[in-house]
Amino acid sequence: MDKLILIDGNSIANRAFYALPLLNNSKGMHTNAVYGVTTMLLRLIEEEKPTHFLVAFDAGKVTFRHKEYKEYKGGRAKTPPELSEQFPLMKELLQAFNINQFELEGYEADDIIGTMTKLAEENNKQVLVVTGDKDLLQLASNNVTIALTRKGISEVDRFDPDKIREKYNLTPLQIIDMKGLMGDSSDNIPGIPGVGEKTALKLLHQYGSVEEVLAHSDELKGKMKEKVQLNADQAKMSKELATIYREVPLEKSIEQLQFDGFDQEAVITMFEKLEFKSLLEKMDGSDGLNNQQEQEEINYQIVDQQNVSLIVDKLPAIKSIHFEIIGENPHQAEVLGLSLYADNQSYYVPFELLQSEEATALREWLADEKHEKWIYDYHKTKVALFWHDIEIKGVSFDIYLTAYLLDPTETKNHTISGLSLKYGLSAMKNDDSFYGKGAKFQVPELSTLSEFLCRKVLLIQKLTPLMKANLEENELVELFYNMELPVAEVLAHMEIQGVKIDTNGLKIHGEEIQIKLDKIIKQIYTLAGTEFNINSPKQLGEILFDKLQLPVIKKTKTGYSTDAEVLEKLASEHEVVSKILEYRQLAKLQSTYIEGLLKEVRQDTQKVHTYFRQTIAATGRLSSQFPNLQNIPIRLEEGRKIRKVFVPSQENSYMLAADYSQIELRILAHISGDERLIDAFQNNMDIHTKTAMDVFGVREEEVDANKRRQAKAVNFGIVYGISDYGLSQNLNITRKEAAQFIKQYFAVFKGVKQFMDSIKQQAKQNGYVTTLLQRRRYLPEINSRNFNLRSFAERTALNTPIQGSNADIIKLAMIRIENRIQEENLKSKMLLQVHDELVFEVPEAELEIMNNLVPDIMESIIALKVPLKVDISYGKNWFEAK
DNA sequence: GGAATCACG
DNA sequence: ACGTACGTGATTCCA
């Protein structure tokens, strides 16, 4: 069936403009609204597959509505020039997309869309109207769905008449009445003063329309009656203003709006003009290559068994090397081969050749740390090569790690092809378009492959000096050489070492859980009166809220929310709810921590080898994958038992765990210089109790468990960039009470308040914040006019220096400890890092030395205004090391 | 492939 | 008034 998409161009452009940061391209054009519109168009075309398409714009400053009410849209802030200059670009873009656009003097986009939907209904076409303006809900019908943008423009809520009834309990036409009563400040429609959405809905549910409300106004009480009667005419006029005019004299028929897909070339050209690099890469027919420019010719040569000497002779001149690694997990990745660059020429060595007798000299060169090497992703390469018995040392520069330090939030485009675009070097295909994506993945034949990989190594050679210079400009040189590059080495060690798992214990634990699960599942089916998939939030929602009629606490964008917070509130309403909570807990353990972990255990060694990602977290933290060993349960006893299966790999060894106590608040004390906080830590006080005393103004004896719990939540909130709403949610108190706590906190911890203000100021001025060791995070949205984006950036400005400095400190400690273990020839191994904790396996004979050495190093690794404190313990497994 | 949920710091 | 806590990864369902 035909499908027509109608877009309210002005509304969407406005939304996009305020939702996205002000992008600037190299010619100084602002392109954020165009960008937003573009992503929306691409998605609509892809997902909706429209047969007809129209974007309508407002035209003329005066519409027929101004004749009725000359204040219409008065008082509205002028369209900023940064936005108005984007409209011509948008219109050009639509042309490239072959999408019809239309505007008509004296009418608004709404009216054009209203008229079109009427026509479409007569022709029995399905219509999707896309807008940010709730007014258009009045157009919804069986054939017409309204997609309202929310949260900027990346998401839409779809409204058909049923959905409108569900949300407002109104018919689409009653939306007009709602506007008539409550008005609309953005269009300067007055409505009835003092009537907001809630009152409007109440009145309409009772009387049905503006006219009926007015007719029964004497039934109303007090102030409300007075207001309604006083503003009766204004309400009627407001309703008229809010009514979309559906008889616009259009010259277009529906058939003229036909859409047959867009012209690749034209769109690519337009994207190039606008400099939409990420979109260019995604386009079919484009591949990260600038469509119009051909790939540069390169000099390259394939090395084979006969001419290995060719490359061996060149070794002294080689800096840049590249190992092509296939697969996300370096512990089980395939290595295709090695490319090297020397003297304006690239060479490709297939991996089989590198492993052969003939290439011994090359392998020795790789393993020799005296030979300096430039590379892309040393950490992953080192791990992958280890499993193929190849050693690599002497890496002095890593463009991947550097790209991360230069911008830790931009993680997707840190590929060689992405970086070469960014630095204005010759274009090359990205991996997805070269190999194919997903099921289409295929390694091409040698000549094609070797050229591709030689291109990569050439770009490493060219990018290295550029990125080194960039590191210097950004004062990140020391961070790179003294911290991140050594950490890469330490991590590779830890990952290769792996952690021994007691698989038998794990399996037995799994069987026990399964018995409990089977029992609970039966109980749930009985209590619910039917069998269903408990894992499906959709089916569960239907059981709880439709069948059992439990009150709806919270909704998600797809339906009812059934998360733990909701279920806890419902637990007293129906027996089944607490069973579901119990089921969820056990099912999580079973799927993620029993079965999931078992899948990752190597059969030969009974070990798991995680992969710590060094370039993912925006704050400088590590993350852990395949499996994630940074989120093994601990908070609940049932889950905590999982830790019993993490055991030492050698006989007579122990698991030893050392964690920083309250490190984030200590860092806050240091960087804020808050005297009270510093004093508290210098006197080694219980920080949450101390906070409770100061915030509630009580003596130590008066701090009960509840006061301490609340103070603890406040402390957490401070570190996250507190808001009264967030705190109220967390503590289940009113917003007012939460605001009062925060006010009290700031009144006492004045230095913290001052820090929060100054760090935000700093972020606004510089565009970035830094950690203790100069790690940087850019916050482009700190100056956004969009409240949400700006607030988010402000909270990040507060949190990143704290979380990031924590990451800095523990990374330094890891390097120092690893060095000491080597220097003193200890057999102890560092196994895991969990943000503020380090886990080791330690032979019995080294227990005493490690028990001293580890906390000594961790506590003295940096001198702050407050002491750092480390708690340490050991046991036969990770559970007992608590 | 995104959304929902839940595990950790 | 706006609509929220900061940072991650794995599993499951479902369009």
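No hydrogens, no waters, no symmetry mates; every other heavy atom, side chains included, goes into these values. Within every chain, numbering begins at 1; the chains are lettered A, B, ... in the order of the sequence lines, protein sequences first and strands thereafter.
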- Heavy atoms, side chains only, cut-off 4.5 Å: are A/Phe545 and A/Ile553 in contact?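 With C-beta onward as the side chain, the pair stays apart.
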Separation of the [atom1] atoms in [N] and [M], to the nearest angstrom:
{"N": "C/dA5", "M": "B/dA4", "atom1": "P", "value": "13 Å"}
{"N": "C/dT4", "M": "B/dT5", "atom1": "P", "value": "15 Å"}
{"N": "B/dC6", "M": "C/dA1", "atom1": "P", "value": "33 Å"}

Assign [X] to base, sugar-phosphate, or nothing according to its heavy-atom contacts below 4.0 angstrom with the strands shown.
{"X": "A/Thr562", "value": "sugar-phosphate"}
{"X": "A/Val719", "value": "nothing"}
{"X": "A/Ile802", "value": "nothing"}
{"X": "A/Asn533", "value": "sugar-phosphate"}
{"X": "A/Ala807", "value": "nothing"}
{"X": "A/Gly596", "value": "sugar-phosphate"}
{"X": "A/Ala738", "value": "nothing"}
{"X": "A/Leu798", "value": "nothing"}
{"X": "A/Ala618", "value": "sugar-phosphate"}
{"X": "A/Ser723", "value": "base"}
{"X": "A/Ile634", "value": "sugar-phosphate"}

Any [X] side-chain nitrogen or oxygen under 4.0 Å from OP1 or OP2 of [N]:
{"X": "A/Arg795", "N": "C/dA5", "result": "no"}
{"X": "A/Arg584", "N": "B/dC6", "result": "yes"}
{"X": "A/Ser624", "N": "C/dG9", "result": "no"}
{"X": "A/Asn799", "N": "C/dA5", "result": "no"}
{"X": "A/Gln539", "N": "C/dC14", "result": "yes"}
{"X": "A/Ser591", "N": "C/dA10", "result": "no"}
{"X": "A/Arg777", "N": "C/dG7", "result": "yes"}
{"X": "A/Thr592", "N": "B/dT5", "result": "no"}
{"X": "A/Thr619", "N": "C/dC6", "result": "no"}
{"X": "A/Thr556", "N": "B/dA4", "result": "yes"}

Tell me: [atom1] of [X] to [atom2] of [N], nearest whole Å?
{"X": "A/Leu622", "N": "C/dG9", "atom1": "CG", "atom2": "C1'", "answer": "14 Å"}
{"X": "A/Ile594", "N": "B/dC6", "atom1": "CD1", "atom2": "P", "answer": "18 Å"}
{"X": "A/Leu629", "N": "C/dT8", "atom1": "CG", "atom2": "P", "answer": "18 Å"}
{"X": "A/Leu779", "N": "C/dC6", "atom1": "CG", "atom2": "C1'", "answer": "12 Å"}
{"X": "A/Phe716", "N": "B/dC8", "atom1": "CZ", "atom2": "P", "answer": "12 Å"}
{"X": "A/Gln630", "N": "C/dT8", "atom1": "CD", "atom2": "P", "answer": "11 Å"}
{"X": "A/His835", "N": "C/dC6", "atom1": "NE2", "atom2": "P", "answer": "16 Å"}
{"X": "A/Glu565", "N": "C/dT4", "atom1": "CD", "atom2": "P", "answer": "13 Å"}

Using the six-membered ring wherever Trp is involved, compare the ring planes of [X] and [Y] and label them parallel, tilted or perpendicular (cut-offs 30° and 60°).
{"X": "A/His414", "Y": "A/Tyr400", "answer": "perpendicular"}
{"X": "A/Tyr611", "Y": "A/His331", "answer": "perpendicular"}
{"X": "A/Trp878", "Y": "A/Phe646", "answer": "perpendicular"}

Among the nucleotides [options], which one has an atom lying closest to any side-chain atom of [X]?
{"X": "A/Asp563", "options": "C/dC14, C/dG7, B/dC6", "value": "B/dC6"}
{"X": "A/Asn631", "options": "B/dC8, C/dC14, C/dC6", "value": "B/dC8"}
{"X": "A/Asn788", "options": "B/dA7, C/dT8, C/dG3", "value": "C/dG3"}
{"X": "A/Lys588", "options": "C/dA15, B/dA3, C/dG9", "value": "C/dG9"}
{"X": "A/Arg635", "options": "C/dG7, B/dG9, C/dG9", "value": "B/dG9"}
{"X": "A/Asn535", "options": "C/dG3, C/dT12, B/dG9", "value": "C/dT12"}
{"X": "A/Tyr593", "options": "B/dA7, B/dA3, C/dC6", "value": "B/dA7"}
{"X": "A/Gln625", "options": "C/dC14, C/dG9, C/dA5", "value": "C/dG9"}

- Task: Answer yes or no: is there a donor N or O on one side and an acceptor on the other, between the side chain of A/Thr610 and the main chain of A/Pro627, under 3.5 Å?
- Result: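 Checking the backbone N and O of A/Pro627 against the side chain of A/Thr610, a donor-acceptor pair under 3.5 Å is found.
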- Query: Has the side chain of A/Lys641 got a donor or acceptor atom that lies under 3.5 Å from a matching backbone atom of A/His509?
  - Reply: no
- Who is the Watson-Crick or G-U wobble partner of C/dA1, with both distances under 3.5 Å?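 Partner of C/dA1: none found under 3.5 Å.
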- Message: With side chain to side chain contact (heavy atoms under 4.5 Å, CB included) as the test, pick out the partner of A/Tyr660 among A/Ile810, A/Ile667, A/Leu838.
- Response: A/Ile810
- Please say which of A/Ile718, A/Thr691, A/Ile687, A/Asn715 ends up in a side chain to side chain contact (heavy atoms under 4.5 Å, CB included) with A/Leu677. A/Ile687
- Message: Could you tell me if A/Arg584 and A/Thr562 have a donor-acceptor pair between their side chains, going purely by distance under 3.5 Å?
- Response: yes
- Query: On DNA chain C, nearest-nucleotide positions of A/Phe792 versus A/Phe787: which is more 5'?
  - Reply: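 The residue closer to the strand's 5' end, by nearest nucleotide, is A/Phe787.
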